[in-house]
Amino acid sequence: MSDTQLTAATHFIEVDGDRFAYRRWGKPSGMPLFFVLHFRGGVDHWDPLLTDGLAEGREVILFNGRGIASSTGTPRNRIEDMADDIAAVVRALGLSQVDLLGFSIGGLQVQEVALRHPELVRKLLLLGTGLRSADPTIDPKILEVAQNPVPTVEDFLFLFFGRSESAKQAGRAFWERRHQRVDQDPPSSVEVANAQAEAYGVYSAPKPGENPHAYLKAIGSRRWCSTASTTS
(Lines give C-alpha, C1' and ligand atoms only; values in the text may rest on other atoms or scores of the structure.)
Protein backbone atom coordinates (compact mmCIF):
# COMPACT_ATOMS: atom_id res chain seq x y z
CA MET A 1 0.00 0.00 0.00
CA SER A 2 1.35 3.41 -0.92
CA ASP A 3 2.07 5.98 1.78
CA THR A 4 -0.30 8.84 2.52
CA GLN A 5 -0.12 11.80 4.88
CA LEU A 6 -1.63 9.55 7.55
CA THR A 7 0.90 6.74 7.09
CA ALA A 8 4.14 8.28 5.81
CA ALA A 9 6.92 7.82 8.34
CA THR A 10 8.43 10.79 10.13
CA HIS A 11 12.14 11.02 9.35
CA PHE A 12 14.84 13.32 10.71
CA ILE A 13 17.80 14.90 9.01
CA GLU A 14 20.60 16.70 10.83
CA VAL A 15 21.60 20.19 9.72
CA ASP A 16 24.03 22.38 11.71
CA GLY A 17 23.62 20.25 14.82
CA ASP A 18 19.80 20.20 14.88
CA ARG A 19 17.37 17.52 13.69
CA PHE A 20 14.65 18.56 11.25
CA ALA A 21 11.53 16.39 11.05
CA TYR A 22 10.09 15.65 7.61
CA ARG A 23 7.72 13.33 5.77
CA ARG A 24 8.23 12.41 2.13
CA TRP A 25 5.99 10.34 -0.10
CA GLY A 26 4.25 10.32 -3.48
CA LYS A 27 5.16 9.48 -7.03
CA PRO A 28 8.99 9.58 -7.21
CA SER A 29 9.29 11.27 -10.56
CA GLY A 30 9.60 14.84 -11.67
CA MET A 31 10.19 17.83 -9.38
CA PRO A 32 9.48 17.37 -5.64
CA LEU A 33 7.03 19.82 -4.05
CA PHE A 34 8.30 21.14 -0.71
CA PHE A 35 5.67 22.55 1.70
CA VAL A 36 6.23 25.38 4.23
CA LEU A 37 3.32 26.08 6.53
CA HIS A 38 1.58 28.86 8.48
CA PHE A 39 2.24 30.35 11.92
CA ARG A 40 3.25 27.57 14.38
CA GLY A 41 2.25 24.91 11.84
CA GLY A 42 3.98 21.56 11.44
CA VAL A 43 3.76 18.38 9.39
CA ASP A 44 0.36 17.39 10.82
CA HIS A 45 -1.34 20.68 9.97
CA TRP A 46 -1.70 20.20 6.21
CA ASP A 47 -4.95 18.88 4.76
CA PRO A 48 -4.46 15.27 3.56
CA LEU A 49 -6.95 16.02 0.79
CA LEU A 50 -4.43 18.51 -0.64
CA THR A 51 -1.17 16.71 0.01
CA ASP A 52 -2.33 13.24 -1.03
CA GLY A 53 -3.99 14.64 -4.12
CA LEU A 54 -0.75 16.28 -5.21
CA ALA A 55 1.22 13.15 -4.27
CA GLU A 56 -0.63 11.17 -6.90
CA GLY A 57 1.44 12.90 -9.56
CA ARG A 58 4.64 13.90 -7.80
CA GLU A 59 6.69 13.55 -4.65
CA VAL A 60 5.70 15.80 -1.74
CA ILE A 61 7.79 16.80 1.27
CA LEU A 62 6.44 18.27 4.51
CA PHE A 63 8.86 19.55 7.14
CA ASN A 64 9.08 21.24 10.52
CA GLY A 65 11.32 24.26 10.76
CA ARG A 66 13.98 24.60 13.42
CA GLY A 67 12.47 24.15 16.89
CA ILE A 68 8.95 23.51 15.55
CA ALA A 69 7.09 20.50 17.03
CA SER A 70 9.44 17.48 16.79
CA SER A 71 12.33 19.38 15.18
CA THR A 72 15.09 20.39 17.60
CA GLY A 73 16.90 23.67 18.09
CA THR A 74 16.03 27.25 18.95
CA PRO A 75 13.13 28.60 16.86
CA ARG A 76 14.21 31.20 14.33
CA ASN A 77 13.07 34.80 14.83
CA ARG A 78 13.96 36.12 11.38
CA ILE A 79 12.40 35.14 8.04
CA GLU A 80 15.82 35.19 6.35
CA ASP A 81 17.18 32.60 8.79
CA MET A 82 14.11 30.41 8.26
CA ALA A 83 14.75 30.59 4.51
CA ASP A 84 18.39 29.56 4.97
CA ASP A 85 17.22 26.57 7.02
CA ILE A 86 14.86 25.49 4.24
CA ALA A 87 17.69 25.70 1.71
CA ALA A 88 19.98 23.71 4.00
CA VAL A 89 17.35 20.97 4.45
CA VAL A 90 16.73 20.77 0.69
CA ARG A 91 20.44 20.32 0.10
CA ALA A 92 20.79 17.81 2.94
CA LEU A 93 18.03 15.72 1.33
CA GLY A 94 20.20 15.50 -1.77
CA LEU A 95 17.90 17.62 -3.92
CA SER A 96 19.31 20.01 -6.49
CA GLN A 97 16.00 21.82 -7.08
CA VAL A 98 12.40 21.85 -5.82
CA ASP A 99 9.10 23.61 -6.26
CA LEU A 100 8.20 25.50 -3.06
CA LEU A 101 4.67 25.92 -1.69
CA GLY A 102 4.37 28.46 1.11
CA PHE A 103 1.24 29.29 3.09
CA SER A 104 0.95 32.47 5.20
CA ILE A 105 4.28 33.02 7.00
CA GLY A 106 5.53 30.07 4.96
CA GLY A 107 4.92 32.17 1.86
CA LEU A 108 7.31 34.83 3.17
CA GLN A 109 9.92 32.17 3.82
CA VAL A 110 9.78 30.64 0.35
CA GLN A 111 10.03 34.06 -1.28
CA GLU A 112 13.26 34.57 0.63
CA VAL A 113 14.52 31.14 -0.42
CA ALA A 114 13.98 32.17 -4.04
CA LEU A 115 15.92 35.38 -3.44
CA ARG A 116 18.74 33.97 -1.36
CA HIS A 117 19.09 30.53 -2.98
CA PRO A 118 17.59 30.88 -6.48
CA GLU A 119 19.45 27.85 -7.83
CA LEU A 120 17.32 25.59 -5.58
CA VAL A 121 13.91 26.85 -6.72
CA ARG A 122 12.11 26.10 -9.96
CA LYS A 123 8.65 27.44 -9.09
CA LEU A 124 6.86 29.15 -6.21
CA LEU A 125 3.27 28.64 -5.14
CA LEU A 126 2.26 31.39 -2.70
CA LEU A 127 -0.93 30.89 -0.70
CA GLY A 128 -2.55 33.40 1.65
CA THR A 129 0.67 35.32 2.15
CA GLY A 130 2.06 38.84 1.77
CA LEU A 131 5.09 40.95 0.94
CA ARG A 132 8.17 42.17 2.73
CA SER A 133 7.69 45.67 4.20
CA ALA A 134 3.98 45.61 3.33
CA ASP A 135 2.74 46.07 6.95
CA PRO A 136 -0.78 44.67 6.37
CA THR A 137 -3.61 45.65 8.69
CA ILE A 138 -4.52 42.64 10.82
CA ASP A 139 -7.52 42.23 13.08
CA PRO A 140 -6.09 42.20 16.64
CA LYS A 141 -8.30 39.20 17.43
CA ILE A 142 -6.46 37.17 14.77
CA LEU A 143 -3.16 37.81 16.55
CA GLU A 144 -4.75 36.88 19.87
CA VAL A 145 -6.37 33.66 18.66
CA ALA A 146 -3.31 32.55 16.66
CA GLN A 147 -1.24 32.40 19.85
CA ASN A 148 -3.62 30.26 21.89
CA PRO A 149 -1.43 27.46 23.36
CA VAL A 150 -3.82 24.68 22.29
CA PRO A 151 -5.99 25.82 19.37
CA THR A 152 -9.57 24.58 19.32
CA VAL A 153 -11.70 23.83 16.28
CA GLU A 154 -13.38 27.21 16.85
CA ASP A 155 -9.98 28.93 16.71
CA PHE A 156 -9.15 27.01 13.54
CA LEU A 157 -12.40 28.01 11.82
CA PHE A 158 -11.95 31.65 12.82
CA LEU A 159 -8.39 31.83 11.49
CA PHE A 160 -8.69 29.90 8.24
CA PHE A 161 -12.28 29.79 7.03
CA GLY A 162 -15.10 32.13 6.09
CA ARG A 163 -18.13 32.89 8.23
CA SER A 164 -20.77 31.10 6.16
CA GLU A 165 -22.16 27.77 7.26
CA SER A 166 -20.75 26.04 4.19
CA ALA A 167 -17.29 27.43 4.96
CA LYS A 168 -17.52 26.25 8.56
CA GLN A 169 -18.61 22.82 7.39
CA ALA A 170 -15.61 22.61 5.07
CA GLY A 171 -13.36 23.72 7.92
CA ARG A 172 -14.68 21.07 10.30
CA ALA A 173 -14.13 18.40 7.65
CA PHE A 174 -10.52 19.59 7.25
CA TRP A 175 -10.08 19.57 11.04
CA GLU A 176 -11.26 15.96 11.24
CA ARG A 177 -9.01 14.84 8.38
CA ARG A 178 -5.91 16.35 9.89
CA HIS A 179 -6.51 14.67 13.26
CA GLN A 180 -6.86 11.13 11.93
CA ARG A 181 -3.17 10.27 12.16
CA VAL A 182 -2.38 8.18 15.24
CA ASP A 183 1.26 9.25 15.86
CA GLN A 184 0.78 13.01 15.68
CA ASP A 185 3.64 15.41 16.26
CA PRO A 186 3.67 17.37 19.55
CA PRO A 187 2.26 20.91 19.33
CA SER A 188 4.64 23.80 18.75
CA SER A 189 5.82 25.63 21.85
CA VAL A 190 5.15 29.15 23.07
CA GLU A 191 8.75 29.90 22.08
CA VAL A 192 7.88 29.09 18.45
CA ALA A 193 4.89 31.46 18.57
CA ASN A 194 6.98 34.26 20.05
CA ALA A 195 9.85 33.78 17.61
CA GLN A 196 7.59 33.67 14.55
CA ALA A 197 5.56 36.67 15.71
CA GLU A 198 8.80 38.63 16.08
CA ALA A 199 10.01 37.49 12.66
CA TYR A 200 6.75 38.48 11.02
CA GLY A 201 6.73 41.88 12.71
CA VAL A 202 10.28 42.72 11.64
CA TYR A 203 9.82 41.43 8.09
CA SER A 204 6.51 43.18 7.41
CA ALA A 205 7.34 46.53 9.01
CA PRO A 206 7.66 49.33 6.42
CA LYS A 207 11.25 50.25 5.65
CA PRO A 208 12.05 53.85 4.65
CA GLY A 209 12.43 54.21 0.91
CA GLU A 210 11.56 50.57 0.15
CA ASN A 211 8.75 49.71 -2.24
CA PRO A 212 7.09 46.52 -0.95
CA HIS A 213 6.96 45.18 -4.50
CA ALA A 214 10.50 46.12 -5.52
CA TYR A 215 12.25 43.00 -4.30
CA LEU A 216 9.71 40.83 -6.13
CA LYS A 217 11.22 41.99 -9.40
CA ALA A 218 14.23 39.80 -8.68
CA ILE A 219 11.91 36.81 -8.36
CA GLY A 220 9.82 37.88 -11.34
CA SER A 221 12.86 37.88 -13.57
CA ARG A 222 12.54 34.09 -13.59
CA ARG A 223 9.50 31.98 -14.43
CA TRP A 224 7.45 31.25 -11.36
CA CYS A 225 4.02 29.71 -10.80
CA SER A 226 2.21 31.60 -8.05
CA THR A 227 -1.28 31.92 -6.67
CA ALA A 228 -0.87 34.81 -4.28
CA SER A 229 -3.30 36.70 -2.08
CA THR A 230 -2.76 39.78 0.04
CA THR A 231 -3.67 38.29 3.42
CA SER A 232 -1.27 36.68 5.84
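Keep in mind it's a predicted model, so treat the numbers as computed, not measured. Atoms considered below: every heavy atom in the structure, side chains included; atoms not considered: hydrogens, waters and symmetry mates.
In plain terms, the two heavy atoms of G162 and K168 that are nearest each other are O-CG, 4.1 Å. G65 and S71 get closest at one heavy-atom pair: O-CB, 3.2 Å. Looking at every heavy atom in both residues, A69 comes nearest to P186 through CB-O, 3.2 Å. When all heavy atoms are compared, the tightest approach of V121 to K123 is CG1-O, 3.6 Å. Heavy-atom minimum distance, P32 versus I61: CB-CD1, 4.1 Å. Nearest heavy-atom pair across A21 and T10 is CB-CG2, 4.1 Å.
By the rule that hydrophobic residues join a cluster once side-chain heavy atoms approach within less than 4.5 Å of another member, F63 and L6 end up as members of separate clusters. Neither L93 nor M31 shares a network with the other; the hydrophobic side chains, linked directly or stepwise wherever heavy atoms of I, L, V, M, F, W or Y lie under 4.5 Å apart, form separate groups for each. Under the 4.5 Å side-chain heavy-atom criterion for grouping Ile, Leu, Val, Met, Phe, Trp and Tyr, L127 is connected to L157 within one hydrophobic cluster. Transitive grouping of hydrophobic side chains (ILVMFWY, heavy atoms separated by less than 4.5 Å) brings I142 and V153 into a common cluster. One hydrophobic cluster, built from ILVMFWY side chains closer than 4.5 Å, cannot hold both I68 and V90; they sit in different ones.
Using a 4.0 Å cut-off between charged side-chain N and carboxylate O, D44 and R23 make a salt bridge. R78 has no carboxylate O lying under 4.0 Å from a charged side-chain N of E112, or vice versa, which leaves the two without a salt bridge.
We find the CD-CZ distance between Q196 and R76 to be 12.5 Å, quoted to the nearest 0.5 Å. Taken from NE2 in H179 to CZ in F174, the straight-line distance is 9.5 Å, to the nearest 0.5 Å. To the nearest 0.5 Å, the span separating CD on E56 from OG1 on T4 amounts to 11.5 Å. Between the CG atom of L37 and the CG atom of L101 there is a distance of 9.5 Å, given to the nearest 0.5 Å. Within the model, atoms CG of L33 and CD of E59 stand 10.5 Å from one another, a figure rounded to the nearest 0.5 Å. Taking CG of D18 as the start and CD1 of I13 as the end, the distance is 13.0 Å to the nearest 0.5 Å.
Using the six-membered ring where Trp is involved, F160 and H38 have ring planes that are tilted, between 30° and 60° apart.
Side-chain atoms of S204 never come within 3.5 Å of backbone atoms of A134 as a donor-acceptor pair (strictly under, hydrogens ignored). In this structure, R40 contributes its side chain and A146 its backbone to a donor-acceptor pair below 3.5 Å. Not a single donor-acceptor pair under 3.5 Å links the side chain of R66 to the backbone N or O of N64. D3 places no side-chain N or O within 3.5 Å of a backbone atom of A9 that could act as its donor or acceptor partner. S70 places no side-chain N or O within donor-acceptor distance of the main-chain N or O of D185, the cut-off being under 3.5 Å. Remark: side-chain polar atoms of R181 are paired, donor with acceptor, to backbone N or O of A8 under 3.5 angstrom. A distance-only check finds a donor-acceptor pair linking the side chain of D155 to the backbone of T152 [under 3.5 Å].
Side-chain contact check for D99 versus R58: some heavy-atom pair is nearer than 4.5 Å. The closest side-chain heavy-atom distance from E14 to F20 is not below 4.5 Å. Residues H11 and R24 have side chains not in contact (no heavy-atom distance under 4.5 Å, counting atoms from C-beta outward). Residues I105 and I79 meet the side-chain proximity criterion, which asks for heavy atoms closer than 4.5 Å. Side chains of T129 and V110 form no contact here, defined as non-hydrogen atoms less than 4.5 Å apart. Counting only heavy atoms from C-beta outward, the side chains of T74 and E191 never approach each other to under 4.5 Å. Counting heavy atoms from C-beta outward, D85 and V15 have side chains that stay 4.5 Å or more apart. In this structure, H117 and R91 have side chains that are in contact, with non-hydrogen atoms separated by less than 4.5 Å.
Around NZ of K27, the count of heavy atoms belonging to other residues, nucleotides or ligands within 6.0 Å does not exceed 12. At most 12 non-hydrogen atoms from other residues, nucleotides or ligands lie less than 6.0 angstrom from CD of Q169.
Considering R177, R178, Q5 as possible partners of D47, the one that fulfils the side-chain hydrogen bond (donor to acceptor under 3.5 Å, both in side chains) test is R177. Here the options are W46, W25, Y22, the test is ring-ring contact (aromatic ring centres under 6.0 Å, His included), and the partner is F35; only W46 passes.
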Could you walk me through whether F39 and Y200 pass ring-ring contact (aromatic ring centres under 6.0 Å, His included), step by step? CA-CA 9 Å; F39 185 71; Y200 180 79; 8.5 Å; no

Begin from the C-alpha positions of H45 and L62 and carry the test side chain to side chain contact (heavy atoms under 4.5 Å, CB included) through to its verdict. CA-CA 10 Å; H45 294 153; L62 314 184; over 6 Å; no

